[in-house]
Amino acid sequence: MCRVETRLMTGWEFTLNEPEETNFDPVHLPHDWAITAPMNRNMNQGEAQGFRDRWGIGWYRKQLRLPKKKIGYIYQLQFDGVYENSTVWLNGIHVGDQKYGYSRFTLDITKALIEGDNLIQVKVDNTSFPADRWYSGAGIYRTVKLLELREKHLKPDNIQVLSEVIGETGVLKIHTGTSSLVMANITKDGLNWNGESDNGTIHIELPNVKLWSPDEPNLYNLELSLYDGGELSDVYSLRIGVRTIETVPGKGLYVNGHMVKIKGLCIHQDAGSLGVAVTPEIWKERFIKFKEIGCNAVRISHHIPAAELLDLCDELGLFVYEEPFDKWTGGSYRRYFETEWQRDLECMVRRDRNHPCIFMWGVGNEVENQGQDSMLKILKMLKDHLVTLDDTRPVSYAMNPHFNYESNVDLSKVNDIQQFVDTESDTEIYNLKERIERIQRIADIVDIISCNYQEQWYSAIHDVIPDKLILGTETYQYFRGHTDQMQNFSEDVPWMDVEKHDYVIGGMLWTGIDYLGESMGYPSKGWAGSLFWTNNERKPLSYLYESYWSEKPMVYMAVMDYSLQGEAVKEHWDAPRYASHWNFPRMKKTVIPYMIATNCEEVTLELNGKPYFLRKPSSYPNRMITGFLPYLPGTIIVRGFQNELEVCQYTLRTAGPSVKLDFDTKEVWLDAREDYYHLLTVRAKDTDGTPVFRESAKVNFQISGPAEIVRVDNGDLCSSEPYDRNWMHMYRGCLSTIIRLTGEPGRVMLTACADGMHSAEIVIHAG
C-alpha cells in the first residue's frame, strides 16, 4: 500500500501532575481533561469556562509499535486539534509545537522513529490567560493519526477541486498540487469517470450531474493516484460535491439556480457532558435533530472545526459558515494574531475548501475598533489573503452593533472583552447615520454584509448599500430591538425580517444548542438561550422555528409556566417561559397563557372535548397563535388543517404520578466499532404512558455487554451534579446517558432504575 493512515485513539495515558512513571492513568481519545475537573465558582474566568477548574499543564504519552521502518517512506503525526500550546516529543526528541488549539498540525517524525517500540509524549500548556469567551476544554480532543507516505506523495492541502455546471454537465478542474503524473477516478452509483494530467490540472466532465444541495446532498468519490517513474506512489481519496452558488444583489442567494434562504443555527464545539471531546456520531445525532426542524445551515463559532464535522455536513446536507478565529488583537487570540494569523487562516482554507457544504468564509467576529482605520486595514489583509487560496466563495466578517469606546480604549489589554462590553457604562452608538457609516466602511471590503443582532436596521443598511446582500450571522431567537436601540424586547421574531426581504439571505440563530461557558453567573455552567438542551431535547421555541423552516405539516402547543426554575439566560437572548405539559396542581380554572406553532392554514383546539375557536395563524404576529385556557385537568388536542383536511395533531395530557421509566425505543442496532458513542434517553411516565414533565427523581444506569457508560446529562446547566457518573437527577422528566462501545460484537443491556418506579431496559445490538 502506498499511503497508510492509522488512527491513534487508544492506548494513551494522561496526567495533570509531574510526568513521572506512576502518575499516568489510561485515557481514550478524544480527551478533555477540563470536563471532569472540579467546579470552582471563584476560578479565574469562571463564567467563560463553565466554572471548570481547567488551568494547568497536562501530559500525554503513548507507546507506538512499528514492526518495520520502510525504506523510501516518511512518517508523520497528524493532530486535528490540541487545546492548547502543545509540544510533541518522540523517543525524547522534540518533533514540533503548535500554539492555536483549533488548527490541524502535521509533524515529520521520520528521523526520530525507530523500529520496535516508540514513545510519543505531548505536553499541553493550558495556563495562558485569557482563554476563550466560551468553554474551550483542554487536551488532545480531536483525532490523531500516524501517516506512512512514500517520499513522493500527494499533499492534500495543495489539492483543490473546482467545478461549474454547464447545462446538465458538471465540469471539474482538479488542481493536484504536483507536476507529476496524476490519474483521477470519480465514482457514483456504480458509474466511473476518469482523467489524468502531468501538468498539475485534471479536467473531467460529469454528464447528467447530480448536484449537491441541503435537500439532496449528492456526493461523488474522487480517487487521485500519483505516479513516480511509472510506479504508483500515492493514492488519496476524498468526497466532493458539485453545486453552484450565486449572489444576486437585491434578489438573494441562489443555489443550483434556485433561491435559498439560510435557515441557520450557530454552534460551539462542546457537547455538554462530553466537553469538547466529541465523536462524529454524537454530532451526527445533533445534526439530524437540526435537520428535522428544517435547519439547512450551521455557523461554527468561532473557530476551525473538527474535520469530521464538515464530513457530516457534506453527507447530511448542511451549509457551513466557517471562520478561523473570534477576535483579532483583542480577546484570547491576541497572543497569536501577529505571528499566527496567516498560518491559521491557511490551515482552515486549505484543509476545508473542497467541502461542498461550505458556502461562505468568515475572517472574524465582533472584533475591536469596528469601522475604524486600524480594523479595516486588518480586515482587508485577511480577505485579500484568503481569496488567494479560494476565490469561489463569498468572504465576510460578522459585525455586532457598534460602540463608541474603541477610539480611547486599548481593547488588546482587556482580559474579558465580553464582560467589558456587558458591564461598562452605556457606550452604544444611537445615531443611525453614524452606525450605517461604520457598516458601509466594512461593506466596502466584504462580499456579503454579515450582521449580528441588527435586524431592525436591515432596511436602512440596504438603502445605503443596495449592492450587497445581508446575512444575519447571529440573531435573537424571539425578541427584536428597536430602530433607536439594540435591545427592546419587542415580540417581533427576527426570522420575520429574513422572510420579508429578498436581499436578506438568511439568519443564524444564537444558538442552536446549549453550550458550556459564557455563563451569566454561578450556578449556571453555560449558555441556555438555544433551541435544544445539551442532551438533544427540544425546547418549545424549536417548534416555532420548525413552523417557519419546515414544509412538513406540523402543529405544537406549549403553555406559559413561570413556576419553573430560571436557566440563567442572558435577557435579550431569552424567550417566554413556555413548557410542554398540562400539570398545574395548585391551580383550578386559572387561565393559563399558551402558544401554538404551526405551518398549517388552520388550527383547532379542544380541551376535554370542548372546542375553543382560533383565528388563522396568518392573522397572528409571527404566525404564532397565542391565547388563554382555564386550567382543567384532562386532555388538550390541537389539530392542523390544510385545504380543510386534517394533516397533523398534537396532544397535551395531565400526567398522574410517575410509576415507570421508559426509553424512547426498546432496541438499537449500532456498528460495533471501537469507541462508537451513542446517546440514549429515559423518561418518567404515568400508568397511561404520559410523560411526567415535573419528575426529578434520581436515576441510576447499569450496563452489561461490550460497552460502558461514559457520561450522564439531564440538560440542566444549573445543576452541579457531575457528568462522569452513572447517576443523575432527572430534569423536566428525563435523563440521558452516553455509552461507548468497546469494539466487540455482542448484546448490550442498559438498565435505568429509580426509587418508586418500574425500571426500564433497552437492548443495544453491536455488530
Side-chain angles (χ1 to χ4, degrees), residues 35-36 39 50 270-275 278-279 281-282 285-286 289 513-516 523-526 528 530-540 542 561 564-565 567-568 579-581 583 655-668 670 677-687 689-704 707-740 748-764:
I35 194 61
T36 55
M39 298 281 289
D270 75 89
S273 62
L274 290 171
V278 190
T279 58
E281 51 271 16
I282 293 298
E285 293 172 15
R286 289 181 158 205
K289 293 279 190 179
I513 191 163
D514 289 351
Y515 59 89
L516 299 175
S524 173
K525 301 187 294 290
S530 313
L531 298 188
F532 293 82
W533 281 286
T534 54
N535 61 339
N536 293 0
E537 291 294 296
R538 293 180 63 172
K539 299 187 182 184
S542 72
D561 187 355
L564 300 173
Q565 71 174 46
E567 294 186 309
S580 187
H581 72 88
N583 277 73
S658 302
V659 298
K660 63 180 178 179
L661 297 174
D662 196 13
F663 284 102
D664 291 340
T665 185
K666 299 299 182 185
E667 292 183 290
V668 176
L670 300 178
Y677 284 58
H678 189 65
L679 181 143
L680 296 158
T681 300
V682 69
R683 305 182 192 282
K685 295 185 177 179
D686 68 7
T687 54
T690 301
V692 184
F693 178 86
R694 296 187 182 276
E695 183 58 72
S696 59
K698 179 182 177 181
V699 175
N700 286 272
F701 291 104
Q702 299 294 330
I703 198 165
S704 62
E708 62 179 335
I709 294 169
V710 178
R711 295 286 188 270
V712 286
D713 189 354
N714 62 9
D716 181 8
L717 287 172
C718 291
S719 169
S720 59
E721 292 182 316
Y723 290 133
D724 57 338
R725 301 289 189 273
N726 69 334
W727 60 268
M728 184 177 273
H729 284 82
M730 288 183 150
Y731 180 61
R732 304 197 177 202
C734 72
L735 176 65
S736 303
T737 183
I738 295 175
I739 66 168
R740 174 171 56 213
V748 176
M749 177 72 77
L750 179 67
T751 304
C753 301
D755 289 344
M757 284 186 265
H758 295 292
S759 61
E761 294 181 342
I762 184 172
V763 176
I764 299 101

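Values below: every heavy atom of this structure, side chains too, minus hydrogens, waters and symmetry copies.
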S.K.: Can you find a heavy atom in the side chain of Ile703 that is under 4.5 Å from one in the side chain of Thr737?
M.R.: no
S.K.: Can you measure from CD1 (Ile513) to CG (Leu531) and round to the nearest 0.5 angstrom?
M.R.: 9.5 Å
S.K.: Between Val278 and Asp270, which heavy-atom pair has the shortest distance, and what is it?
M.R.: CG2-C, 4.2 Å
S.K.: With sequence neighbours excluded, tell me which residues meet ring pair (Phe, Tyr, Trp, His ring centres under 6.0 Å) with Tyr677.
M.R.: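 Partners of Tyr677 under the ring pair (Phe, Tyr, Trp, His ring centres under 6.0 Å) test: none.
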S.K.: Could you pull out the closest heavy-atom pair between Ala579 and Phe693, with the gap in Å?
M.R.: CB-CZ, 3.8 Å
S.K.: Atom CG in Asn535, atom CD in Glu537: separation rounded to 0.5 Å?
M.R.: 5.0 Å
S.K.: Quick one: closest heavy-atom pair of Ser658 and Met757, and the distance?
M.R.: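 Taking Ser658 first and Met757 second, the nearest heavy atoms are CB-SD, 3.5 Å.
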S.K.: Are any of the side-chain heavy atoms of Leu274 and Val710 separated by less than 4.5 Å?
M.R.: yes
S.K.: What I'd like to find out is whether the side chain of Val748 reaches to under 4.5 Å of the side chain of Ile762, using heavy atoms alone.
M.R.: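 SC-SC contact between Val748 and Ile762 ruled out.
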S.K.: Could you tell me which residues satisfy side chain to side chain contact (heavy atoms under 4.5 Å, CB included) with Ser759, sequence neighbours excluded, listed by chain and number?
M.R.: Thr751, Cys753
S.K.: Check side chain to side chain contact (heavy atoms under 4.5 Å, CB included) between Ala760 and all other residues, then give those that pass, not counting sequence neighbours.
M.R.: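 Partners of Ala760 by the side chain to side chain contact (heavy atoms under 4.5 Å, CB included) criterion, ordered by chain and then number, come out as Leu661, Phe663, Val682.
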S.K.: What pairs of residues pass the salt bridge (charged side-chain N to carboxylate O under 4.0 Å, His left out) test when at least one of them lies in residues 708-717, not counting sequence neighbours?
M.R.: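 The answer is Glu708-Arg740.
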S.K.: Tell me, please, which residues at least two apart from His678 pass ring pair (Phe, Tyr, Trp, His ring centres under 6.0 Å).
M.R.: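 By the ring pair (Phe, Tyr, Trp, His ring centres under 6.0 Å) rule, His678 matches no residue at all.
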S.K.: Please, which pairs that meet salt bridge (charged side-chain N to carboxylate O under 4.0 Å, His left out) have at least one residue in residues 692-701, sequence neighbours excluded?
M.R.: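 Non-adjacent pairs meeting salt bridge (charged side-chain N to carboxylate O under 4.0 Å, His left out): Asp561-Arg694.
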S.K.: Show which side-chain atoms of residues 722-729 pair as donor or acceptor with protein atoms under 3.5 Å away, not counting sequence neighbours.
M.R.:
{"residue": "Asn726", "atom": "ND2", "partner": "Phe701", "partner atom": "O", "Å": "2.9"}
{"residue": "His729", "atom": "ND1", "partner": "Glu721", "partner atom": "OE2", "Å": "2.5"}

S.K.: Taking only residues two or more places apart in sequence or in another chain, which ones pass salt bridge (Lys or Arg N to Asp or Glu O under 4.0 Å) with Asp664?
M.R.: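 Applying salt bridge (Lys or Arg N to Asp or Glu O under 4.0 Å) to Asp664 gives Arg683.
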S.K.: Please list, chain by chain and in numerical order, all residues satisfying salt bridge (Lys or Arg N to Asp or Glu O under 4.0 Å) with Lys289, sequence neighbours excluded.
M.R.: none
S.K.: Begin from the C-alpha positions of Arg732 and His581 and carry the test side-chain contact (heavy atoms from CB on, under 4.5 Å) through to its verdict.
M.R.: CA-CA 10 Å; Arg732 304 197 177 202; His581 72 88; over 6 Å; no
S.K.: Can you name the closest pair of heavy atoms from Thr690 and Ala655 and give their distance?
M.R.: CG2-CB, 3.9 Å
S.K.: Could you tell me the separation between the OG atom of Ser273 and the CG atom of Leu679, rounded to the nearest 0.5 Å?
M.R.: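 The OG atom of Ser273 sits 7.5 Å away from the CG atom of Leu679.
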S.K.: Determine the minimum heavy-atom distance between Ser524 and Gly526, stating which atoms define it.
M.R.: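 Looking at all heavy atoms of both residues, the closest pair is OG-O, 2.9 Å.
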S.K.: Closest approach of Cys734 and Asn714, non-hydrogen atoms and distance?
M.R.: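 Closest heavy-atom pair between Cys734 and Asn714: O-CB, 4.1 Å.
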S.K.: With sequence neighbours left out, what residues match Asp514 under salt bridge (Lys or Arg N to Asp or Glu O under 4.0 Å)?
M.R.: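 For Asp514, the residues satisfying salt bridge (Lys or Arg N to Asp or Glu O under 4.0 Å) (neighbours in sequence not counted) are Lys539.
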S.K.: Considering residues at least two apart in sequence or located in another chain, which fulfil the side chain to side chain contact (heavy atoms under 4.5 Å, CB included) criterion with Asp662?
M.R.: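 So Asp662 forms a side chain to side chain contact (heavy atoms under 4.5 Å, CB included) with Lys666, Lys685.
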S.K.: Between Asn536 and Arg286, does a side-chain contact (heavy atoms from CB on, under 4.5 Å) hold up when you go through it step by step?
M.R.: CA-CA 6 Å; Asn536 293 0; Arg286 289 181 158 205; 3.3 Å; yes
S.K.: So Leu680 and Ile764, side-chain contact (heavy atoms from CB on, under 4.5 Å) or not? Walk me through it.
M.R.: CA-CA 10 Å; Leu680 296 158; Ile764 299 101; 4.0 Å; yes
S.K.: Who passes side chain to side chain contact (heavy atoms under 4.5 Å, CB included) against Val763, sequence neighbours left out?
M.R.: Glu667, Arg747, Met749, His765
